[in-house]
Amino acid sequence: MKISRQKRKLFKDYMNMQLIKMCNKPIIIMLLLMFSALPALASAQDIDVQELSHWGYGSVYSVKAVGNYLFSGEGTVLVIRDNSDPINPVKISDVDVRSDIKSLYIDGNYVYAVSNKGLTVVDITDIYNPIIAGRGLPVYHGPYQNEKFYDGTDILVTGNYAYVTAHSYGFAIYDVSNKSNPVEVGWLKVDRPLSLDIKGNYAYLGGYGNMKIVDISNPVNPVEISTWTMPVDRSGRAFGTKVNGNYAYIAVYGYGIFAVDISNPESLSEVGFLGSTKYLEYEFLRLEIKNNILYATRSYKGLAAIDISDPANMTMRLIPSYINQTDNVVGYAHEISLIGNYAYFSALYKGVGIFDISSPPDEKIIKMIKPRFGRTFRAIEHGNYLYLQQDAYIVTLDITDPTNPIFLDVDDYFGRGWNMAIGKNYLYVTGGTSSLAIFDISSPSDPVLVTRWSGSVDSTVQYANGYLHVIRSSTKEYYILDVSDVKNIIIVGNYTGIKLYDFIATEQFTYLVDDDQFKILDISNPSNIILVGATTIKKPAFGNRVVVFGDYAYTNSGDNIQVIDISVKSNPIIVNEVNFKGVGAGTIGKGITSYRNYLIATGVSTTRYYNLNTDPVNLTPEKEYLFTGTVNISDKHLYLSKGYSGSGLTIYSHNLQGNLTPMPTIPTPTPTATPTPTATPTPTATPTPTATPTSTPTPTPTPTPTPTPTPAHTPVPPGTIIYYFDVESGHEEWQSSGLWHITDNRYSSPGRSFWYGSESTGNYDTGSANSGELVSPVIDLENTLKPVLSFMSWYQTESNNKYDKKLVQISVNNGSWKDLKQIGHTQKSWVKEQIDLSGYAGNKIRIRFFFDTVDHRYNKFEGWYVDDVEIKER
């Protein structure tokens, strides 16, 4: 039987979604072999690139409050919080569904998440251990779907059916009576539906320029019965649709809100409008109704309350989107959920906002829950560490075991990052607040922001030849900077009057794209940059990149790769233009990059590898993979980040047998050798004794005994809680020294926690350097295989992590203390920390929380709180 390319693509994409965090590598290999057995777009060498793991946190598009729980889709991760105290929701669990969550619906013990890839059903019977129950597989309905092929936008569940609007797919109905196997039973060709509400036997679909009413009395055969079309001068995207009585309210982004009489579903009429004919005057998105008040999210402007007691004469008042009258914290308000006296809204990279709506017209915002980072724009590897640009954050992961990346640290960057480079012991980040941020990574697991260089440094950055090369868009200049003293950056040279997209610097030349020009600059004397050659190219789109290999340079524009002969620097010549699009590839949305002798181009749905040793001019793809995103690559791994098109990072192994000769670019200097991280240590037969820090008030340690092998008998079942301590019953054999003590000042679970700080001063300033330890009793990990330590943490300390150290440590079989993790400098809300203890399974351990100010200065911060310590079998 011949299988169409599109069907093979759908099947592969679906099976890729099934590769959620499984530790059983033989299963992964088996699935990959299944893929290779299909008629494939790629060569038999597809096995060269294998998925290892996924890091899924990102922008918050969806939020739902139900009972005492708050659910939010943060990137690809469903996060569940205990909302019994609506002013202070506490995260209790999460699960990665592997595709960006755009809308949620909660029905009993199940959460239904619609995303870019389809429908995922999550079982929350055990709210502390949610698991993926099943996935709804999209069905191929012919060439109607575009290359994105799904892109879910909204979902409602009634009875045994889930109703989904999917921008690029249409209106789909799933039978969800069997949670492990949701099946699409009904589908209707609808052009770009964006929002959904259901009343009785009718579904109301808001789309582009219209609202459609669909009869769903027979879910297997949905039938469109009428369409209401927006006036031409107020036509736009209907991101919100809500039915109340005989009226449907339709939020049209950029224009306002329509009230439409639906008393006769076959004859619709507009009865009221609140808004403007001027585009972007009213940026409404999602809607909810309570007591004749329509609450609407307003893009970057928070919430609006609209009186709909008279649909023909709606009136609006704006709800302040700031706390303490100064800090605007709303972000990009999107989905809204009402429960009791509170309104919750998703705010993309700002997190989840909570409004008190108990006393209209005096509604007010009372809290913002920060997200777990944001959309991943770039990844850069440094030894066993990985640094991610995630919207306003720089996130550090330990990738000693790339199948299980471990979160180590997060730093606020104050804006969306664009690019990164590493030089010596510094990480350089562009973008954000249009400044160059410089992090000291001499301690790789703990980046410290040391300085900023002002100006609109918002694009490409590269460390080469001992200099930093950057683009400064505000002055339209390319700069070469002396960063030997990062606190005193000196401009060595610059080239002006250009609009740069990308560049690459080698030892003598910089190759750059300047609007519709490809230029070659001689930088052999950085203080005297000279233009030596140029040629006209196609004007690049967003995502343009430059690659240089031998006598050729490559740049991309739309669906083409332009090949430029640079053998004569004064006369670069375009020698070929290679069409990338092909079947299912789309435009080169994420640009091009290189690895050894391979040029890698990433399109809308396809990534292709071109072997430049084979033919550097007439490019023919040697490999093709069905993944897309921004590719960052090292000798060990390929990192795929989604940026605007999605959240999260996927780590792949790769084994390309290419030319080992590096590209003619200056490589990033070899990082300073650093100790192997201990976040996931493997006990050795004869471990080296580790001296206890001099400030630790414990005796000199003895050598660590040989860890006992993992027991061979039956392990405890996954989800088993091995140990739990919530401080409510006192010390319970925990030992403390220094300022560690039990307090009711703050707590994660009511009503006490351990605190390193003084009740009398509210800080840990004693006038001199001080330290203290909080040590657990012996905890037996017998019969465990994959124990995980978790605890709730709140801390505010000095920003330089060389001081005010907060260490989580472990002692195995009464041996010396080893660091598991160093906590960051400030997190003024409770956060759940998790540390993998698989390397210590089968042994007896103790856990220590060690605080050390190191010096006597800057100690008037609140300190460190620890609560709800738990060890659980994963």
Side-chain angles (χ1 to χ4, degrees), residues 102-103 114 139 141-146 148 150-156 158 161-174 184-277 279 282 284-287 289 294 296 308 311-312 314:
K102 294 301 177 69
S103 189
V114 64
V139 176
H141 293 289
Y144 168 71
Q145 284 85 34
N146 67 16
K148 290 185 178 179
Y150 203 84
D151 193 15
T153 56
D154 206 354
I155 180 171
L156 283 173
T158 62
Y161 296 97
Y163 301 86
V164 174
T165 54
H167 179 276
S168 304
Y169 184 81
F171 177 52
I173 303 175
Y174 292 86
E184 182 184 304
V185 293
W187 177 81
L188 185 65
K189 178 180 177 180
V190 180
D191 183 30
R192 298 176 292 179
L194 297 170
S195 55
L196 166 71
D197 202 3
I198 292 175
K199 180 184 178 183
N201 289 327
Y202 297 106
Y204 300 81
L205 313 181
Y208 275 61
N210 59 53
M211 179 193 71
K212 295 181 181 293
I213 299 184
V214 178
D215 185 338
I216 55 172
S217 56
N218 180 4
V220 178
N221 184 33
V223 178
E224 180 182 329
I225 61 172
S226 62
T227 299
W228 172 77
T229 303
M230 302 172 195
V232 174
D233 61 345
R234 293 172 289 176
S235 181
R237 294 167 291 174
F239 281 111
T241 301
K242 185 59 61 176
V243 173
N244 187 49
N246 288 326
Y247 300 95
Y249 297 89
I250 305 159
V252 181
Y253 184 81
Y255 292 107
I257 294 175
F258 292 94
V260 177
D261 188 336
I262 57 171
S263 55
N264 180 357
E266 296 182 0
S267 179
L268 309 177
S269 61
E270 177 187 334
V271 297
F273 175 70
L274 174 70
S276 170
T277 57
Y279 184 58
Y282 291 84
F284 292 116
L285 290 166
R286 293 300 178 89
L287 306 172
I289 297 174
L294 181 69
I308 57 171
M314 296 179 285

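Because the structure is predicted, anything quoted here is derived from the model rather than measured.
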Hey, which of I213, L205, V190, N210 is the one that makes side-chain contact (heavy atoms from CB on, under 4.5 Å) with T227?
N210
Distance check, rounded to the nearest 0.5 Å: K212 atom NZ versus D191 atom CG?
8.0 Å
Report the relative orientation of the aromatic rings in H141 and W187; use parallel for angles under 30°, tilted for 30 to 60°, perpendicular for over 60°.
parallel
How about D154 and S103: does a side-chain donor come under 3.5 Å of a side-chain acceptor?
yes
Any donor-acceptor N/O pair, K102 side chain to A166 backbone, under 3.5 Å
no
Distance (rounded to the nearest 0.5 Å) between L294 CG and L287 CG:
5.0 Å
Please evaluate residues I250 and W228 with respect to the criterion side chain to side chain contact (heavy atoms under 4.5 Å, CB included), reporting the C-alpha separation (whole Å), side-chain torsions for both, the decisive distance (0.1 Å), and the verdict.
CA-CA 11 Å; I250 305 159; W228 172 77; 3.6 Å; yes
Results of salt bridge (Lys or Arg N to Asp or Glu O under 4.0 Å) for E184 - residues two or more places apart only
none
Does V243 offer a backbone N or O that forms a donor-acceptor pair with the side chain of D197 under 3.5 Å?
yes
Determine whether a donor-acceptor pair (N or O, by modelled atom type, separation under 3.5 Å) exists between the side chain of S226 and the backbone of S267.
no
When rounded to the nearest 0.5 angstrom, what distance separates CD1 in I216 from OH in Y163?
4.0 Å
Which residue is it: V252, T229, I262? I am looking for the one with a side-chain contact (heavy atoms from CB on, under 4.5 Å) to M211.
I262
Taking the six-membered ring of F273, is NZ or CZ of R234 closer than 6.0 Å to its centre and within 45° of its axis?
yes
Pair D261, Y247 - check side chain to side chain contact (heavy atoms under 4.5 Å, CB included), show working.
CA-CA 5 Å; D261 188 336; Y247 300 95; 4.3 Å; yes
